[in-house]
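Throughout, residue positions are numbered sequentially from 1 according to the sequence presented.
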Amino acid sequence: MNEAIDIYCERMSDAFWAEPVNAITNGAFLIAAVILALQLRDRKDRLAWVLTGLVFLIGIGSFLFHTFATGWAAAADVIPIMLFMLTAVGVCLHRRFQLPGQAVGLGVAIFVFFNILVGWSRLGLIIPNGSSSYVPALLTLLLFALVLWRRGDLFAPFFGLATLVFAVSLTLRTIDLPVCDAVPIGTHFLWHVLNAVTLYLVTRGLMRAPSPVANAA
């Protein structure tokens, strides 16, 4: 857990501050969390508060990973991300699709299984640097956006825009090492900034709707 990890273009040593740009840009997650908290300050919306808290933890965990760069710091980075994805899928199925508890649980289980299948696949050879592990999230977000758009859902634009931003974000994460010679600091820092925008849009799209039906959560 204390072994050094070096998988990003900007890191040139094991020093704490070897990835200053990657580390500092995690502030984007904290800014997104603060904006969400301000929008929620007068709302009794526990699920949205949970997602907001996870956005904040993602920023902290990613900062730890890009400074300490060890196994335990990687866990601090990945765990809040996975919790956010699982929670967001469940909340979306419940609030936006109005599915009952068992169906929500099944949907989350399918999402987990999808992630496991991708992990077992050879997709990592095509989409390198660990970016393939985020493909299920991108495809799920796209599916949700398309279904909500077809249903004329009030929150569909949030998911549509989040899908576009996340697609660009994931691309920039993927090309971090390949463009290292041309861009010494890499492109991973842009993954942080655009991912913060993505998480903001998803959380904003999952807040309670004014409709009494959508408010039943």
Between Ile5 and Thr70, does the side chain to side chain contact (heavy atoms under 4.5 Å, CB included) criterion hold? Intermediate values first, please. CA-CA 5 Å; Ile5 299 175; Thr70 58; 5.7 Å; no
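Listed by first and then second residue, the disulfide (SG to SG under 2.5 Å) pairs involving residues 145-193 are Cys9-Cys180 (not counting sequence neighbours). Within the structure, side chain to side chain donor-acceptor pair (under 3.5 Å) pairs that include any residue of residues 16-31 comprise Glu10-Asn22, Arg11-Glu19, Glu19-Asn22, Glu19-His66, Thr25-His192, Asn26-Ser62 (at least two apart or interchain).
Between Met85 and Thr140, the closest side-chain pair of non-hydrogen atoms is not below 4.5 Å. Between Phe111 and Leu86 there is a side-chain heavy-atom pair separated by less than 4.5 Å. Side-chain contact between Phe114 and Leu139 is present, with heavy atoms from C-beta onward closer than 4.5 Å. The closest side-chain heavy-atom distance from Phe144 to Leu93 is below 4.5 Å. Taking the side chain as every heavy atom from C-beta outward, Phe29 and Asn195 approach each other to under 4.5 Å. At a threshold of 4.5 Å between non-hydrogen side-chain atoms, the residues Phe84 and Thr203 count as touching. You'll find the side chain of Leu30 reaches within 4.5 Å of the side chain of Ile60, heavy atoms only.
Ring planes of Tyr8 and His188: tilted class, angle from 30 to 60°.
In this structure, CZ on Phe97 lies 4.0 Å from CG on Leu148, to the nearest 0.5 angstrom.
Not a single donor-acceptor pair under 3.5 Å links the side chain of Arg96 to the backbone N or O of Ala156. Of the possible donor and acceptor atoms, one in the side chain of Arg41 sits under 3.5 Å from a partner among the backbone N and O of Leu38. In terms of modelled atom types and a separation under 3.5 Å, the side chain of Arg208 and the main chain of Arg95 share no donor-acceptor contact. A donor-acceptor contact shorter than 3.5 Å is absent between the side chain of Asp45 and the backbone of Met207.
Counting non-hydrogen atoms of other residues, nucleotides and ligands closer than 6.0 Å to CG of Asp6 gives a total above 12. Within 6.0 Å of CH2 in Trp72 there are more than 12 heavy atoms belonging to other residues, nucleotides or ligands. Environment of CZ in Phe56: sparse, with no more than 12 heavy atoms of neighbouring residues, nucleotides or ligands closer than 6.0 Å.
Between Phe16 and Phe68, a ring centre-to-centre spacing shorter than 6.0 Å is recorded. Checked against a 6.0 Å centroid threshold, the rings of Trp191 and Tyr134 count as neighbours.
Across every non-hydrogen atom of Ile7 and Leu177, the tightest pair is O-CD1, 3.6 Å. Residues Pro184 and Ala182 come closest through the heavy atom pair CD-O, 3.6 Å.
Checking Ser131, Ser132, Ser169 one by one against Thr174, the side-chain hydrogen bond (donor to acceptor under 3.5 Å, both in side chains) holds for a single residue, Ser131.
Applying the 4.5 Å side-chain rule to ILVMFWY residues, one finds that Leu164 remains a lone member of its cluster.
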